[in-house]
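The sequence lines fix the lettering, A, B, ..., with proteins before strands; numbering per chain opens at 1. Side-chain atoms are counted along with the backbone in the values below, which use heavy atoms only and exclude waters and symmetry mates.
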Amino acid sequence: MTISKPIEATNFIENEINKDIEEGRVPSCVQTRHPPEPSGYLHIGHVRNIVLNYGLAEKYNGICNLRYDDTNPSKESQEFVDSIQEDVKWLGYHWKEIHYATEYFQQNYEIAVKLIKEGKAYVDDLSAEEVSAYRGTLTEPGKESPYRNRSVEENLDLFERMKNGEFEMGSRCLRAKIDMASPNINMRDPVIYRIQYLHHQRIGDSWKIYPSYDFSHPLDDCLEGVTHSICGPEFEDHRPLYNWVVENSGLKNKSRQIEYANLYLKGVILGKRFIKKLVNDGKVSGFDDPRLYTIRGLRRRGVLPESLVNFVNAAGISKAVSVIDPAMLDYFIRSTLNDVSKRVMAVVDPIELVINNIGENEEIEISLADYPQREETTHRKYYFGKHLLIERSDFEIVPPPKYRRFFVGNEVRLNGAYIVKCTGYDTDENGNVTTVYADYDPETKSGTNCAKKVKGTVHWVNKKHSKNVEIRLFENLTLPKEESLSGGKEQTAGEDEFNPNSLIIKNGFVEDDIDYNEEERYQFLRNGYFCLDKDSTKDLLVFNRTVGLKDSYKPNNNQ
RNA sequence: UGGGGUGUCGCCAAGCGGUAAGGCAUUAGAUUCUGACUCUAACAUUCGAGGGUUCAAAUCCUUCCACCCCAGCCA
C-alpha cells in the first residue's frame, strides 16, 4: 500500500519562465491568472490550465488571480461564474483575488481612446459581412476599409457616440489599424470594440460597447501585473496581436503570452457546447452526471481531487496535441482511492450460496476490517450464516483453466469468514445457475492463522443482513469518433453515436449498515471503487466505471 | 493554397551535439484472507522520411511528408 504522492513536474513553460527570471525580464515571483470565460462548467481538460496557472504561482511564490473573461454576455451567466469557483476550490487551489474583465472596461476604453488619438485605431462603418469580405482569405490579402483613414476627431466622436449607445448594434466597430495585407489574418485590422446592447450578469446595461478578447485580455494582464499569460494553442497566432496591444497600450507592466497544448482524453466528450447539448437533450442528468468528465461529474463519481491533479502533472505538458488514454486517468483515480477506500462487501449480480453444514438460524459473528490496507484500522461486525449471496461470476459449472473460485469440489475462502468447499449447484429450466451449495470448515475462521491455504477469496453478503440496492455502473460516456473530442468546433453527433452501455443498472446487495456518507469511498470486489449518492432512488447508488475494471483473470490468455 | 504550430515505444512525455529518463498500457513472475494493492523483470540499436555537417546528431543544416490551429463585431 503506497500513499500517492504529488508528482513534481517541470516543463517547457517553467523553462521559459526561468529564462525570463535569469535574464532579468521579470521579477522572481511570477504572476499568473486563471481566466475562464463563465460560459460553461469546468471539465478535466481545464484542469491542466488550472494546475498550470495556480501551480506556477505557488511554485514561484507569486500570485494567481481568478479573472473571469466575461466580455461576451451572450454566452455567459452567473450559474457558470459560481460553479467555476466551487470547482477550483474543490480541486484545492486558491486565488489571490477575483477579478472580472468587465472591471477594467473604463481603463480599456481609455486606452482605446489613446490609440485613436495616436491614429492606431479607427471606427469602421462596414457591416460584419463586409468586414469579413474585406478581410481577404488565407491566401489573398485583405482590402482596406473605406473608413480606415478617418480623421482622429471623427473617430473620437464616433467612438464616443458608440459608447453612448447612439448606434445600432453591429452598425459600427472599432478596429486596430495594423496591416490588412498581413499573412496573419489576426493582424488584418482586428475588431477591438463592438456595440453590444445585451444585459450583462455583472455590470447590467452600463456599457454599450464591449472590448474583444484580443484587446481586453492583454490589457487586463498588464493592468493586473501578470507576468506570464498562459493560454491554449489556438491563441498562438494571436500572440503578435497580443504583443501589439501590450506595446501600444502605454502600460509599464508587460505580460508575456505562452501557449501550451490542450489535454484531451481519447473518446471522451469535452466540448462545452457538446456537454450542454447532452444536458439539454436529457441524455445525461445534468452537468454533474457521473458519466461526464466535468469536474463535478467526476466528483460525483467518487473521484478525489488529488487524482486529477496528479494525473495532469503526470501527463506533463508540451505543445503537441495530446490525446491521452483514459486508462491513465483511471490509474490515478485508483491509486488515490485505494489508499482511502473502506473495504465493504457487496454483490452486484447475486446467486445464492447455501452452507450445508450450518443450522438454518445459526449465525456466526465475524469481524471485518474497514481499512485492511492500512496499518491501523477499525473493524465492524458481520454475520456468517446459512443463506449467503455471491457474485454470479464467481461460480462456474465447467471451470476454465486456472479458475480459482467456485466450482464443484473446489475450496474457496469467503472473505473475512471461512474456507468453504463447493458441493453442488442447482439450475433453473434454462440451465442458469440459481443456487450453489458448500460445506464450511469451522477450523478455518478468519484471523485464526489456520494452516489451510486456498487460492481464491470471494466476496459475499448474508441474505438476511444485507440490503437490496440499486447499483449503477457507469461507463465512460464516449463517442466513437476521435474528432468529436475537440473543444472549440461545432460538433454534430447523432443519438446512436453515444455508448449505449454507459449506464448499467443492477439490483445488488450490500452489507446492511453501509449508509450514505459524503466523505467515504468504498471498494468491493477486486476492482471497483464507488461512493454512495444521496439522490438514490433506492437505498444507494453505486458509481463505478472503468476505474479498476481491469480483471486479472483472463481465461483466454491462460489456456 | 498564405501564416502559425507539432511530429521521440500502443498513449502521454523527458531530452536542447556526447551515444534514448519516467509514467500509463502491455507481458512474465513473486506475494496475497480482494485474481485488488504491493513487488520484481521485460518492453525504442532508435527519435515522421530522405539527404548533409561532425570524431560524435533525436538534438545543427536541408528537402520532403503527416497532423493541428487561423478567414466571429466568440473566447
Minimum-distance nucleotide (side-chain atoms of Val323(A) versus rC12(B), rA75(B), rG3(B)): rC12(B)

Leu138(A), nearest nucleotide to its side chain (from rU6(B), rU1(B), rG72(B)): rU1(B)

Proximity to the side chain of Ser322(A) - top-ranked nucleotide from rU1(B), rC74(B), rC12(B): rC12(B)

Integer-rounded Å distance: rU38(B) P and Gln373(A) CD: 12 Å

From rA13(B), rG2(B), rC24(B), nucleotide with atom closest to Ser318(A) side chain: rA13(B)

Side chain Asn410(A), main chain Phe406(A), donor-acceptor under 3.5 Å: no

Spacing of Asp214(A) atom CG relative to rG72(B) atom P, expressed in whole Å: 13 Å

N/O donor-acceptor pair under 3.5 Å between Thr377(A) side chain and Tyr371(A) backbone: yes

Side chain of Met328(A) - closest among rA36(B), rC24(B), rG2(B): rC24(B)

Span that lies between the P atom of rA66(B) and that of rC39(B), in whole angstrom: 45 Å

Protein-nucleotide distance (Asn186(A), atom CG; rC73(B), atom P), rounded to Å: 10 Å

Those residues that, when tested against Glu224(A), pass salt bridge (Lys or Arg N to Asp or Glu O under 4.0 Å) (two or more places apart): Arg67(A)

Whole angstrom value for the distance that separates P of rA71(B) from CD of Glu140(A): 16 Å

Proximal nucleotide (of rC73(B), rA13(B), rC69(B)) relative to the Glu234(A) side chain: rC69(B)

G-U wobble or Watson-Crick pairing nucleotide for rC47(B) (cut-off 3.5 Å, both distances): none

Separation between CD1 of Ile209(A) and CG of Leu174(A), rounded to the nearest 0.5 Å: 8.0 Å

Side-chain donor/acceptor contact of Lys75(A) with base of rC74(B) under 3.5 Å: yes

Nearest-Å distance for atom pair CZ/P, residues Arg521(A) and rA36(B): 23 Å

5′-ward residue of the pair Ile324(A)/Gln196(A) relative to RNA chain B: Ile324(A)

Pairwise P distance for rU40(B) and rA58(B), with rounding to whole Å: 31 Å

Touch class at under 4.0 angstrom, heavy-atom based, for Gly142(A) against every strand present: nothing

Nucleotide nearest Thr139(A) when distance is taken to its side chain, options rA36(B), rG2(B), rC69(B): rG2(B)

Sugar-phosphate, base or nothing in reach of His238(A), heavy atoms under 4.0 Å: base

Criterion side-chain hydrogen bond (donor to acceptor under 3.5 Å, both in side chains) on Asn53(A) and His34(A), from CA distance to verdict: CA-CA 6 Å; Asn53(A) 279 303; His34(A) 170 217; over 6 Å; no

d(NZ, Lys319(A); P, rC16(B)) in whole Å: 19 Å

rG72(B) phosphate, OP1 or OP2, under 4.0 Å from Ser132(A) side-chain N/O: yes

Test side chain to side chain contact (heavy atoms under 4.5 Å, CB included) applied to His200(A) and Asp70(A), step by step: CA-CA 9 Å; His200(A) 188 281; Asp70(A) 59 344; 3.2 Å; yes

Among rG3(B), rC37(B), rU1(B), the one nearest Asn338(A) by side-chain distance: rC37(B)

N/O donor-acceptor pair, side chain Asn184(A) with base rG4(B), under 3.5 angstrom: no

Residues that Glu76(A) engages under salt bridge (Lys or Arg N to Asp or Glu O under 4.0 Å), provided they are two or more places apart: none

Glu236(A), nearest nucleotide to its side chain (from rC24(B), rA36(B), rG5(B)): rG5(B)

Rounded P spacing from rA56(B) to rG51(B) in Å: 16 Å

Side chain of Asp325(A) - closest among rC11(B), rA13(B), rA75(B): rC11(B)

N or O in side chain of Arg194(A) less than 4.0 angstrom from rC74(B) OP1/OP2: yes

Chi-angle category of rG72(B) [syn within 90° of 0, anti beyond]: syn

